[in-house]
There are 4 protein chains.
Amino acid sequence: MTINEETLNLQLDLSKPLYEQILYQIRYAVARKDIALGSRLPSVRELAQQLRVNPNTVMRAYQELNRDEIIETRRGQGTFITTKSHKIQHIRNNMAAEAIKSFTDTMKELGIERQAAISLLEEGEW
Amino acid sequence: MTINEETLNLQLDLSKPLYEQILYQIRYAVARKDIALGSRLPSVRELAQQLRVNPNTVMRAYQELNRDEIIETRRGQGTFITTKSHKIQHIRNNMAAEAIKSFTDTMKELGIERQAAISLLEEGEW
Amino acid sequence: MTINEETLNLQLDLSKPLYEQILYQIRYAVARKDIALGSRLPSVRELAQQLRVNPNTVMRAYQELNRDEIIETRRGQGTFITTKSHKIQHIRNNMAAEAIKSFTDTMKELGIERQAAISLLEEGEW
Amino acid sequence: MTINEETLNLQLDLSKPLYEQILYQIRYAVARKDIALGSRLPSVRELAQQLRVNPNTVMRAYQELNRDEIIETRRGQGTFITTKSHKIQHIRNNMAAEAIKSFTDTMKELGIERQAAISLLEEGEW
DNA sequence: GTGGTCTAGACCACA
DNA sequence: GTGGTCTAGACCACT
């Protein structure tokens, strides 16, 4: 199955690095399991054209995803989401762990206690 | 009272902008109320020497803090923590709000429910 | 649309900080609506060369305008006037309010009454 | 007659150049005719002590006032407001003229018409 | 001594 | 090509 740009539904904000936004959003989609393992991503040129960005920008995002083994590029065939589900699980865990660490670090820095911090979270809309 | 570098205890990491790290760490120290209002910070040249960075780098950090009214620079006299405690409170609130938003946004992206997220926080050491 | 230096027509005076003059004059041009929202400003290096100042000096002016959200800088792409027209309106109002406060304060200091001050304004050429 | 610090009632703000504030406030007091011509000002040391500033700072303010012939220093006797009333009148006119020029320049820069500007002034409290 | 502005020039990040 | 960070070092403004 090939994923089209609509499925990815990438939202770009010109004030931030484009390649990072592409990278993060694809990574999230994978981690959230919105995209089936082994699916084919749009080609670099295709996605670049749809997003109206430079192909180099998409290329760079794909390269980093490749490096993290989230996607696999098969010469002559295209780019695919990895089929190794443990990779996905690993990424998902990392993202959650990072978010938690960042949050608790900030709270510690501000001297806000665990219970107080959790209360703040419970108050919010969510 | 004059604050020395040991009190600030700045930790610099070459992978991120130096002036930002200086800025953020001083801001945290103020938000955490580790530094008395109205205290005098080390001079630009002094801190630069201790951190082994260029004075312009320290200056830039100080100028941004000055613009946010966290510190007051007085030419010929030195640099001082603001005496306006409501400014400090405001910064503190902003920092906490940002941390919360960033955390909940990530959890939503990953499709982790509120209660599950809070459980994750409760598990950790803290 | 890209703005050239002739449209900006910047006049620099060595007795005042150069970066401030650049900053103020661009801000005025935007407030006066001489520049279309979303236009691209000259690049840092380009403007520096035309004004015969160091690129860092132009950069500093751009950075302050960026912080005030009057312009948006996009790394690799250039510098653009904000498209948020309410920002512009806000700046315009602030500038007028400051001018009025400064004028009335001086008149009060000199003990010149409201009507007398207005008469002085009416006499001038304008 | 000797003027004491209470008559001058100088208000200093540490975030701005001290010598300028002293200079401006004395100049205003003279222009507003709060101080009789020929009066004796406090000595540099005396005023410095009362304001808790460095004598050099007061000295510099006095020097500039001297240069503008607003005050006269008589060796061994002290510092006096000039007795030349045309000087005072001249200063007063200059200050008013400057305030007007600055105001009208800003309004022109913003493209606000004469009548609109005057309306703005009439609206304010004053 | 303090902070503030400016230059020249290196090197990095992004499109 | 764009903007962003950093350095070394000059010179100015203020106390």
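Every chain is numbered from 1 and lettered A, B, ... according to where its sequence line falls, protein lines coming before strand lines.
- For A:Tyr19, counting side-chain heavy atoms from C-beta on, the closest listed nucleotide (E:dC14, F:dT15, E:dT7) is E:dC14.
- The structure places CG of A:Leu10 at 6.0 Å from CG of A:Leu47, a figure rounded to the nearest 0.5 Å.
- Using a 4.0 Å cut-off, no side-chain N or O of C:Thr73 falls inside it from OP1 or OP2 of F:dT2.
- Looking at heavy-atom distances under 4.0 Å, B:Val53 makes contact with sugar-phosphate atoms alone, never a base.
- Rounded to an integer number of Å, the gap from A:Asp13 CG to E:dC14 P is 15 Å.
- The side chain of C:Thr57 contributes an N or O atom lying less than 4.0 Å from OP1 or OP2 of E:dT7.
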Close N or O pairs between protein and nucleotides 9-12 of chain E (under 3.5 Å):
residue : atom : partner : partner atom : Å
E:dG9   : O6   : C:Asn56 : ND2          : 3.0

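- Across the protein-nucleic acid pair, D:Gln63 atom CD and F:dT15 atom C1' stand 14 Å apart, rounded to whole Å.
- Using a 4.0 Å heavy-atom criterion, one finds that D:Arg52 contacts no nucleic acid atom at all.
- When side chains are defined from C-beta on, D:Asn56 does not count as touching D:Arg60, because their heavy atoms never get closer than 4.5 Å.
- Nucleotide F:dG4: paired with E:dC11 (Watson-Crick or G-U wobble, both distances less than 3.5 Å).
- Of the side-chain N and O atoms in B:Ser43, none sit less than 4.0 angstrom from OP1 or OP2 of E:dG1.
- At E:dC14, one or more side-chain N or O atoms of A:Arg60 fall inside 4.0 Å of OP1 or OP2 (strictly under the cut-off).
- If you measure from atom CG of C:Leu18 to atom P of E:dG4, you get 17 Å, rounded to the nearest angstrom.
- If you measure from atom CG of C:Leu23 to atom P of E:dT5, you get 11 Å, rounded to the nearest angstrom.
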